[in-house]
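Working notes for the structure below.
Here the structure is a predicted model, which means the values were calculated and not measured. Chain naming here is simple, since letters A, B, ... match the order of the sequence lines and numbering starts at 1 in each.
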2 protein chains.
Amino acid sequence: MSSRRSTGNVSELVEKARTGDARSVARLISLVEDASPLLREVMAGLAPYAGKAHVVGLTGSPGVGKSTSTAALVKALRDQDMRVGVLAVDPSSPFSGGALLGDRVRMQDHALDKDVYIRSMASRGHLGGLSWATPQALRVLDAAGCDVILIETVGVGQSEVEIAAMADTTMVLLAPGMGDGIQAAKAGILEIGDLYVINKADRDGADQVRRELRGMLALADRPEGAWRPEIVKTVASKAEGVDDVVAAIERHREHLESSGELDRRRLRRARDEIEAIAVTALREQWRGVHENAALDELAAEVVAGDSDPYAAADLLLESLEA
Amino acid sequence: MSSRRSTGNVSELVEKARTGDARSVARLISLVEDASPLLREVMAGLAPYAGKAHVVGLTGSPGVGKSTSTAALVKALRDQDMRVGVLAVDPSSPFSGGALLGDRVRMQDHALDKDVYIRSMASRGHLGGLSWATPQALRVLDAAGCDVILIETVGVGQSEVEIAAMADTTMVLLAPGMGDGIQAAKAGILEIGDLYVINKADRDGADQVRRELRGMLALADRPEGAWRPEIVKTVASKAEGVDDVVAAIERHREHLESSGELDRRRLRRARDEIEAIAVTALREQWRGVHENAALDELAAEVVAGDSDPYAAADLLLESLEA
């Protein structure tokens with residue numbers, strides 16, 4: 001392993017990844033996922049090449065058919081000769097993930113296609129959410145020349161809102177019989193979708209879901225010229241409507257570009273990423289086990305009622321500036 | 001309003017809240033929720049009195065009956081003569097919340113009971129999650145002498161995992177027909193529950209949900225002496241099984257206390273709270289519109305490919321220590 005720890009090999013990996021070498025892509029993602037000592041070097045090496053891929057987030061409640069939809073979308077995008085990356089994020093589980101990954105099998109259709117990169121990523125910690133390495137893995141796929149990168153979360157929870165913050169186009173999947181419109185609104189999904197896909201549209205109730213969704217989306221107060229979320233019906237298991245989804249993604253991409261929103265979103269994403277890295281570094285410093293952990297002492301004072309969280313936060317920040 | 005901005009009045013409010021004056025409790029929560037200039041004074045005033053309440057988080061997918069269960073639990077706890085606080089957190093919505101709050105009406109049974117405080121809280125922002133003021137509102141209810149505080153989220157999303165981090169006892173509600181066991185595991189709920197309540201247990205499939213849940217919980221690798229999550233069946237709309245829930249919460253509370261886990265959780269919660277306040281202060285500084293926003297410049301460099309997020313984060317942190 002030690003022979004890989006040199007600048008020469010990182011730039012070689014980056015170079016190979018750019019020409020479409022799947023093993024180099026995989027190795028780069030592993031390096032960032034394992035927080036390898038080479039992480040910073042990898043990120044610096046990728047910097048000049050990233051920023052071209054269109055990132056599509058797929059989210060929705062369990063059971064709506066996210067994995068099937070992802071597989072169908074990959075096929076439709078490949079038919080248009082695009083290079084496609086897939087990051088499938090599993091919510092963390094105290095159990096071995098193996099048994100739960102059965103629905104990944106479908107993706108094996110694409111396993112031998114060199115213009116499709118598929119990567120399952122674990123999630124961050126015991127409370128769910130995307131892996132901290134997701135933005136970095138995105139950058140690898142982006143620099144490797146993917147035209148479209150799909151991020152799919154299986155499950156509800158924090159991942160969903162994180163994806164919306166990270167994607168250019170956020171696709172919310174729904175299905176008939178998964179809860180009524182008011183419940184959907186409660187779940188907050190009406191705020192994050194650029195595109196709503198009603199999957200399993202051959203089932204009873206699909207039209208009603210569309211009607212309710214339309215009604216609720218119509219209530220939203222959107223500024224002049226803003227994107228109006230589209231609704232598309234699919235039967236992903238039969239590939240029905242999937243081309244419509246691709247067309248809607250393309251319309252949204254064009255809107256983002258012409259409105260200047262794409263640049264704004266990418267700036268925002270870079271800000272979020274920088275900030276998250278900086279905050280993580282600070283947290284490690286504050287919670288450092290080997291150092292004299294200031295945060296622990298302050299927390300004990302708050303629990304004892306000798307201080308309050310605001311006064312404690314002030315002291316924590318003062319310790320930083322000292 | 002300006003007459004309220006004095007130390008005298010904050011300590012008077014705190015004093016009245018401690019004697020059970022509902023209006024003072026409400027005013028204190030409003031002060032923290034509105035991020036009033038008095039916020040820090042309020043938090044300092046509450047510090048000596050907080051830390052006694054048992055915090056119970058209620059979470060689960062839409063449609064499992066969270067509001068009904070909350071109302072039934074409040075009644076059962078009141079029957080035991082406990083002082084009860086309820087924080088109902090709505091996921092944010094671009095729409096006025098009014099129409100969606102219909103199910104709150106049931107709680108009006110308790111509206112005239114002076115030992116029940118019920119507060120609906122908006123959620124943080126357009127991406128959902130608990131209000132930033134939730135921990136502070138908890139402190140108000142705690143200092144006001146609540147024996148039990150229920151935090152209920154309507155909806156899925158970030159709120160759920162945040163509640164688990166904040167609660168002493170996390171209760172996950174399930175119902176028959178809301179998705180199978182594997183889907184439940186995907187949703188990550190198997191990691192956060194101390195107590196699983198299968199509501200609507202008079203419906204077909206309740207026993208199957210219990211069987212699957214039991215099977216999956218049995219797979220978890222728990223250390224010796226760790227709490228084993230309990231499963232309780234209820235029909236909250238008929239108050240059936242609700243006393244069993246109260247008993248299970250009490251068993252969990254006793255376990256937390258005797259194992260030392262309660263102290264650990266409270267320390268962890270204080271750490272999280274201090275850290276969140278400090279990070280928020282830093283973010284405001286980094287994103288400051290009126291200052292020369294360093295983060296914006298760094299983000300533009302990353303988007304242009306002239307820098308990478310790690311190098312940018314280093315610069316951001318250096319600017320802080322300067």
>> Please find the pair of heavy atoms, one from A/Ala278 and one from B/Ala313, that lie closest to each other, and give the distance.
In response: N-CB, 3.8 Å
>> Is any side-chain heavy atom of A/Arg139 closer than 4.5 Å to one of B/Val302?
In response: yes
>> Are the side chains of B/Leu282 and A/Leu282 in contact, using a 4.5 Å heavy-atom criterion?
In response: yes
> What are the two closest non-hydrogen atoms of B/Ala47 and A/Asp308, and how far apart are they?
Replying inline: CB-CB, 4.1 Å
> Is it the backbone or the side chain of A/Leu315 that comes under 4.5 Å from a heavy atom of chain B, or both, or neither?
Replying inline: neither
> When heavy-atom pairs shorter than 4.5 Å are enumerated against chain B, which of A/Arg269, A/Arg40, A/Gln136, A/Glu273 gives the highest number?
Replying inline: A/Arg40
> For A/Thr280, is it the side chain, the backbone, both or neither that has a heavy atom under 4.5 Å from a heavy atom of chain B?
Replying inline: neither
>> As an exercise, state the distance from CD of A/Glu275 to CG of B/Leu295, rounded to the nearest 0.5 Å.
In response: 5.5 Å
> Do you know which of B/Arg271, B/Met43, B/Glu301 has the most heavy-atom pairs with chain A at a distance under 4.5 angstrom?
Replying inline: B/Arg271
> Relative to chain A, which of B/Ala50, B/Ala299, B/Ala270 shows the most heavy atom pairs under 4.5 Å?
Replying inline: B/Ala299
>> Which atoms of A/Ala44 are under 4.5 Å from chain B, going by heavy atoms: the side chain, the backbone, both sets, or neither?
In response: both
> To the nearest 0.5 Å, how far apart are CD in B/Glu297 and CD1 in A/Ile274?
Replying inline: 11.0 Å
>> For A/Asp272, which atoms come within 4.5 Å of any heavy atom of chain B: side chain, backbone, both, or neither?
In response: both
